[in-house]
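Inspection log for the structure reproduced underneath, given as C-alpha cells.
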Protein chains: 2
Amino acid sequence: MEFDDKLPIYYQIKQYFYHEIIVGRLALGAKLPSVRQIAVALTVNVNTVQRALAEMETEKVITSQRGKGNFVTEDVQRVLKLKEQLIQVQLKQLYEELKALNIGDDGMVTYLKQYIEMRREND
Amino acid sequence: MEFDDKLPIYYQIKQYFYHEIIVGRLALGAKLPSVRQIAVALTVNVNTVQRALAEMETEKVITSQRGKGNFVTEDVQRVLKLKEQLIQVQLKQLYEELKALNIGDDGMVTYLKQYIEMRREND
DNA sequence: TATACTGTAATAGTTAACTAATACAGTAGT
DNA sequence: ACTACTGTATTAGTTAACTATTACAGTATA
C-alpha cells in the first residue's frame, strides 16, 4: 500500500478500511485481519494500526473484542451513512477548491466531464 | 486563516498564495507582503512562511530578492499551468475516491450536480 | 492446562514540522 | 552614514506521528 507522506499513516489506514467496508470486500460483521497481520501487510507498526482501528471503533464502524478480533459493524445504516460522509467530504473539497480558483458551477461539471473523458481514453 | 491539522502548515500557506495568484488578487509581478508581515497575519513562525515561499520559488512561481521582497513571476504561462495543475489534482482525487467507492462515471457527475444544487439552496 | 492465537498497554527512541530567538545580509530613503 | 525596511541562516527546544520492543490480558482449541 502506498502512503501519502503529507497525511498521517494511521489516517490513511482508516480510510483504506472504510473503503473496503463500503465496497463490500469487508462484509457486515466480517472479521478483519489481526492487527499484527495488518501491520506486516502494510509494513507499519502495530501501534499505528491500533490507532487507526481505535478511531474506527470510536466511530462505531467496527467493534473490537479482546482475544477474538475486530469485526465490521452489523449496522447497515452506519455503513451507508459513512459512505455518504466520504462522498460529501470529497465533493466539498473539490467544490471549494474550484470555487477558490474562480471556477463557476457549470465550469466544475464541465471540468469533471472532461477529466472522465480523458481517463476513458488513457485506459 | 484556518489550517487543516492533517496537512503541514507550510504546504497550506503555499496553496493559499497559489490561489491568490491564480485568481489575480496577486497580479503578475506583484510584490508579496514581507515574510514577517505574513507570519504575523497568519500567526505562524517566519521560518514556516519561509519554507512555503522557498518551495514557491523552486517551482518558479515567485522570485525572491534579498532586501527587496518576494514577487510573483511575470510568466503568464507559468501561472496558467499552475492553475491547470491544481485543478487536475483535485479532479484526480475526487475521481479516484469515488471510483474506490464503486461509483461510476455517470454517478460522479450526478453527485456533483446534486452537491452544487444543494449549495445553491443553502446560500 | 498448555499453546497459540487474539487485542491492548507502556516505555523508549527517532524524525519531521513547527516555534522562538538571534544574527546576518542586501536595499532604500533620510 | 544612519535607519528601517527587506530576505536568509542558525541554533535550540517542543510536539505529533511513528517505530521497536516488551509485556499483559482475553479466547479458543488440542
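Excluded from the calculations below are hydrogen atoms, water molecules and symmetry mates; all remaining heavy atoms, backbone and side chain alike, are included. Lettering follows sequence order; numbering is per chain, from 1. All values reported here derive from a predicted model rather than from experimental measurement.
When the nucleotides dT6(D), dC18(C), dG7(C) are ranked by their closest atom to the side chain of Thr48(B), dC18(C) comes out on top. Listed nucleotides: dA17(C), dA25(D), dT19(D). Nearest to the side chain of Arg51(B): dA17(C). With distances taken from any side-chain atom of Gln50(A) to the nucleotides dA20(D), dG7(C), dT8(D), the minimum falls on dG7(C).
In this structure, the OH atom of Tyr10(A) is 5 Å from the P atom of dA17(D), given to the nearest Å. Between the CG atom of Leu32(A) and the P atom of dT8(C) there is a distance of 12 Å, given to the nearest Å. As rounded to whole Å, 5 Å separates atom P of dT6(C) from atom CD of Gln37(A). Separating the NZ atom of Lys31(A) from the P atom of dT27(D) is a distance of 13 Å, rounded to the nearest angstrom. If you measure from atom NZ of Lys6(A) to atom P of dA17(C), you get 8 Å, rounded to the nearest angstrom. Distance CD1 (Ile38(B)) to P (dT8(D)): 11 Å, rounded to an integer number of Å. Going from atom CD1 of Ile9(A) over to atom P of dT15(C) covers 15 Å, rounded to whole Å. Put simply, CG on Asn45(B) is 15 Å from P on dT15(D), counting in whole angstrom units.
In the interface, the side chain of Asn47(A) is paired with the base of dA10(C) through a donor and an acceptor atom under 3.5 Å apart.
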Evaluate the side chain to side chain contact (heavy atoms under 4.5 Å, CB included) criterion for residues Leu28(A) and Val79(A): first the C-alpha distance (whole Å), next the side-chain angles of each, then the deciding distance (0.1 Å), finally the verdict.
CA-CA 9 Å; Leu28(A) 293 183; Val79(A) 175; 3.7 Å; yes
Could you check Glu59(A) against Tyr18(A) for side chain to side chain donor-acceptor pair (under 3.5 Å), going step by step and ending with a plain yes or no?
CA-CA 11 Å; Glu59(A) 297 169 18; Tyr18(A) 279 177; 2.6 Å; yes
Could you check Ile38(A) against Phe17(A) for side chain to side chain contact (heavy atoms under 4.5 Å, CB included), going step by step and ending with a plain yes or no?
CA-CA 11 Å; Ile38(A) 296 171; Phe17(A) 278 111; 3.5 Å; yes
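Proximity of Ser34(B) to the phosphate of dT6(D): a side-chain N or O atom is located under 4.0 Å from OP1 or OP2. For dG7(D), the OP1/OP2 oxygens have no side-chain nitrogen or oxygen of Lys68(B) closer than 4.0 Å.
Side chain of Gln12(B) to backbone of Leu7(B): a donor-acceptor contact under 3.5 angstrom is found. The closest donor-acceptor contact from the side chain of Gln37(B) to the backbone of Ser34(B) lies under 3.5 Å.
The 5' end of DNA chain C is approached more closely, in terms of each residue's nearest nucleotide, by Arg36(B) than by the other of Arg36(B) and Gln65(B). Each of Gly67(A) and Pro8(A) has a nearest nucleotide on DNA chain D; the 5'-most of these lies closest to Pro8(A).
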